[in-house]
Amino acid sequence: RFVARGDLQAPGSWANSFAATASQESLRLVCSIACRPGFQLYTADVKGAYLNAPLDHPIYMRIPRTDDRELEAARMGGRVWRLRKCLYGLVQSGYEWSKLLRSLLQALGYRCLDTDHGLYILERDGGQCYLPTHVDDLFGATNESALWRWTIDGLTRDITFSKEGPASLHLGTVITQAPDGSIYLGQGPFIDDLARENGLHEATPADTPMPPGTYLEAEGEPLTSGTPEEYRTLVGKLGWLPLTSRPDLAVAVRSLGRFLQNPREPHMKVARYCVRYLVGTRKYGICFREDGAGLLVYSDSDWAGQPDTRRSRSGWLVWRNGPVAWGSLLQLPHALSSAEAEFYAAATAMKRALPISFTAVELGVLDPDAPIPILIDNTAAIAILGSENISRNVRHISLRWSFVRHLVAQGIFEPIFVPSEHQAADLFTKALARARLAECRDLAGVVDIDASLLAAGGRMGGHSLV
């Protein structure tokens with residue numbers, strides 16, 4: 001395959017390089033819509049995607065060395081190629097392909113969402129087809145299989161597909177759809193490869209992602225069981241899992257990622273411990289099953305839990321028939337009370353949930369006039385969120401207070417108290433013990449996929465506001 005040396009491309013020979021792709025949150029939001037009987041999931045892989053995209057600017061390229069005598073003679077004679085279409089390696093290839101794909105889909109009647117330019121929707125004769133795109137990988141969810149077939153046939157007039165059919169694998173994530181419509185996303189093969197690469201595929205499984213109560217610090221014994229490069233590679237690969245289908249790894253990966261520059265032996269031990277946990281939970285993943293609860297946001301914090309800095313950790317979960325988005329993040333300011341830490345966590349949760357709610361509204365699955373419940377297990381933080389006047393005790397957080405107060409006053413979010421034992425976001429605040437971890441996994445939609453498929457008709461609880 002010929003590729004272009006984009007690193008040698010002359011400045012000014014491209015206008016744009018950004019190519020929109022659907023976010024993982026949008027992909028999971030589509031799964032939360034399609035997790036009911038009547039919907040089918042499909043995937044398609046475009047063959048040589050960039051090679052289909054025409055170029056807006058003339059690009060000249062040196063002829064590469066080749067065994068073809070005619071081409072070699074032209075190269076030796078100082079001749080060059082003028083590219084009419086994109087090659088892999090050009091700076092603008094991703095942008096030009098994205099633009100072509102958009103024009104082809106819009107010609108078929110698809111509408112590109114304003115809130116996510118990598119997500120398309122087609123509504124025709126009572127049927128819907130949701131289409132998140134990621135470069136040359138298409139993921140389709142439709143309640144009319146004829147719409148998917150019509151889409152593929154329409155695109156085939158201009159592009160070709162190397163693979164196309166019912167969804168089983170998308171961007172490395174294994175997709176399983178149960179007869180009742182439930183959708184499961186897992187990473188079993190990726191976990192197997194990761195464990196084998198690190199010599200842990202036959203290791204004794206661990207019960208938790210991190211030893212319970214663990215708080216990693218910058219200082220410690222020098223790294224002896226590997227190199228910094230090996231540590232960075234391992235943590236980088238672990239980082240893919242909580243981005244896709246393993247929310248239960250969020251705290252562990254966030255904690256390990258703080259020490260990429262100068263890892264120590266305790267950090268490597270915890271990273272390998274995390275892989276041992278994955279060995280025992282390789283069949284786990286996230287589940288989407290219709291529960292009627294609508295869009296919910298969970299917010300929690302671990303006040304001053306980091307021993308070296310005394311910083312608090314925020315955790316949040318956005319739920320709609322399953323986990324749509326989640327996160328774990330150390331708070332930048334130092335919270336002076338547990339209520340303040342919970343307030344910071346709620347502000348972060350609202351900020352992260354807001355764009356997802358915009359996408360849900362645009363997809364027609366969320367009432368824009370109905371407030372989104374945000375579930376918090378701290379009554380003092382709820383009082384701060386609902387207060388019309390800022391107290392002297394929280395004047396130092398007035399900017400965040402103004403932001404979240406506006407969202408609450410406008411009826412966009414509604415703070416609701418939830419008992420701590422039902423707080424799903426606790427999963428994202430600290431290293432939990434085995435029993436509590438199991439409870440939070442269930443609340444956050446992390447399940448044993450094989451066991452859930454065997455227990456057909458099983459219902460996930462804990463997310464009804466009725």
Side-chain angles (χ1 to χ4, degrees), residues 19-36 39-50 94 97-98 101-102 105 110 112-113 116-122 128-143 145 147-149 151-152 155-156 159-178 181-194 237 239-247 249 282-289 320-326 356 359 363 445-447 449-450 452-453:
T21 59
S23 67
Q24 287 288 326
E25 288 82 3
S26 291
L27 176 67
R28 291 190 290 264
L29 184 60
V30 168
C31 289
S32 78
I33 297 170
C35 62
R36 58 183 188 268
F39 266 84
Q40 299 90 38
L41 305 180
Y42 298 92
T43 56
D45 187 5
V46 180
K47 183 178 180 180
Y50 288 1
W97 160 246
S98 177
L101 180 61
R102 175 182 292 193
L105 290 172
Y110 277 86
C112 178
L113 267 65
D116 189 333
H117 291 174
L119 178 57
Y120 299 82
I121 180 174
L122 174 66
Q128 297 92 34
C129 185
Y130 303 94
L131 192 69
T133 64
H134 189 95
V135 193
D136 56 353
D137 292 294
L138 311 183
F139 177 85
T142 179
N143 58 356
S145 57
L147 278 183
W148 174 258
R149 188 72 263 155
T151 299
I152 294 299
L155 292 174
T156 304
I159 58 180
T160 58
F161 294 93
S162 58
K163 291 185 294 183
E164 180 274 315
S168 60
L169 190 69
H170 181 65
L171 301 179
T173 300
V174 177
I175 302 170
T176 308
Q177 191 170 20
S182 301
I183 297 171
Y184 300 87
L185 307 181
Q187 292 278 1
F190 181 88
I191 291 171
D192 290 341
D193 291 341
L194 180 62
K237 291 186 176 183
W240 173 243
L241 294 167
L243 289 177
T244 54
S245 62
R246 294 299 299 266
L249 297 185
R282 66 169 301 278
K283 296 181 180 180
Y284 279 55
I286 54 176
C287 171
F288 293 91
R289 183 183 293 125
R320 186 189 185 278
N321 295 332
V324 173
W326 56 81
I356 296 171
T359 302
L363 289 173
V446 181
V447 300
I449 295 175
D450 285 359
S452 297
L453 288 171

Heavy-atom pair with the smallest gap, counting every atom of Ser182 and Arg289
OG-NE, 3.1 Å
How long is the straight-line distance from OG1 of Thr133 back to OH of Tyr110, given to the nearest 0.5 Å?
11.0 Å
Any sub-3.5 Å donor-acceptor pair from Ser98's side-chain atoms to Gly94's backbone N or O?
no
Heavy-atom closest pair (Ala178 atom, Leu453 atom, distance to 0.1 Å) is CB-CD2, 3.8 Å
Under a 3.5 Å distance rule, please check whether Ser162 uses its side chain to pair with a backbone N or O of Asp45 as donor and acceptor.
yes
Roughly how far, to the nearest 0.5 Å, is CH2 of Trp240 from CD1 of Ile191?
13.0 Å
Does the distance from a Lys or Arg side-chain N to an Asp or Glu carboxylate O, for Lys47 and Glu164, drop under 4.0 Å?
no
Chi angles and distances behind the side chain to side chain donor-acceptor pair (under 3.5 Å) call for Asp116, Thr359:
CA-CA 7 Å; Asp116 189 333; Thr359 302; 5.7 Å; no
For Gly140 and Leu131, which heavy atoms make the closest approach, and how far apart are they?
CA-CD1, 4.0 Å
Could you tell me whether a side-chain N or O of Trp97 sits under 3.5 Å from a main-chain N or O of Ala19, the two making a donor and an acceptor?
no
Residues Leu27, His134; criterion side-chain contact (heavy atoms from CB on, under 4.5 Å); working and verdict:
CA-CA 10 Å; Leu27 176 67; His134 189 95; over 6 Å; no
Looking at every non-hydrogen atom in both residues, tell me the closest pair between Arg102 and Cys112 and how far apart they are.
NH2-SG, 3.6 Å
With a 4.5 Å limit on heavy-atom distance, are the side chains of Thr151 and Tyr42 in contact?
no
Would you indicate whether the side-chain heavy atoms of Phe288 and Arg36 approach each other to under 4.5 Å?
no
Close side-chain approach of Leu169 to Thr43, heavy-atom, < 4.5 Å:
no
Taking C-beta and beyond as the side chain, do Phe139 and Cys31 meet within less than 4.5 Å on heavy atoms?
yes
Heavy atoms, side chains only, cut-off 4.5 Å: are Tyr184 and Val174 in contact?
no
Closest heavy-atom pair, Asp136 versus Ala49, reported as atoms and distance to 0.1 Å, is CB-CB, 3.6 Å
I need the minimum non-hydrogen distance between Asn321 and Ser32, along with the two atoms involved.
ND2-O, 2.9 Å
Could you state the interatomic distance from CG (Leu101) to CG (Leu155), rounded to the nearest 0.5 Å?
7.0 Å
To the nearest 0.5 angstrom, please state how far the CD1 atom of Ile356 sits from the CZ atom of Arg28.
8.0 Å
Value for CG (Leu171) from CG (Leu185), rounded to nearest 0.5 Å, stands at 11.0 Å
As an exercise, state the distance from CG of Leu105 to CD1 of Ile121, rounded to the nearest 0.5 Å.
13.0 Å
Just by modelled atom types, is the Phe39 backbone N or O under 3.5 Å from a matching donor or acceptor in the Gln177 side chain?
yes
Does any part of the side chain of Thr244, heavy atoms only, come nearer than 4.5 Å to the side chain of Gln24, both counted from C-beta?
yes
Looking at Asn143 and Gln128, would you say the former's side chain and the latter's main chain have a donor-acceptor pair under 3.5 Å?
yes
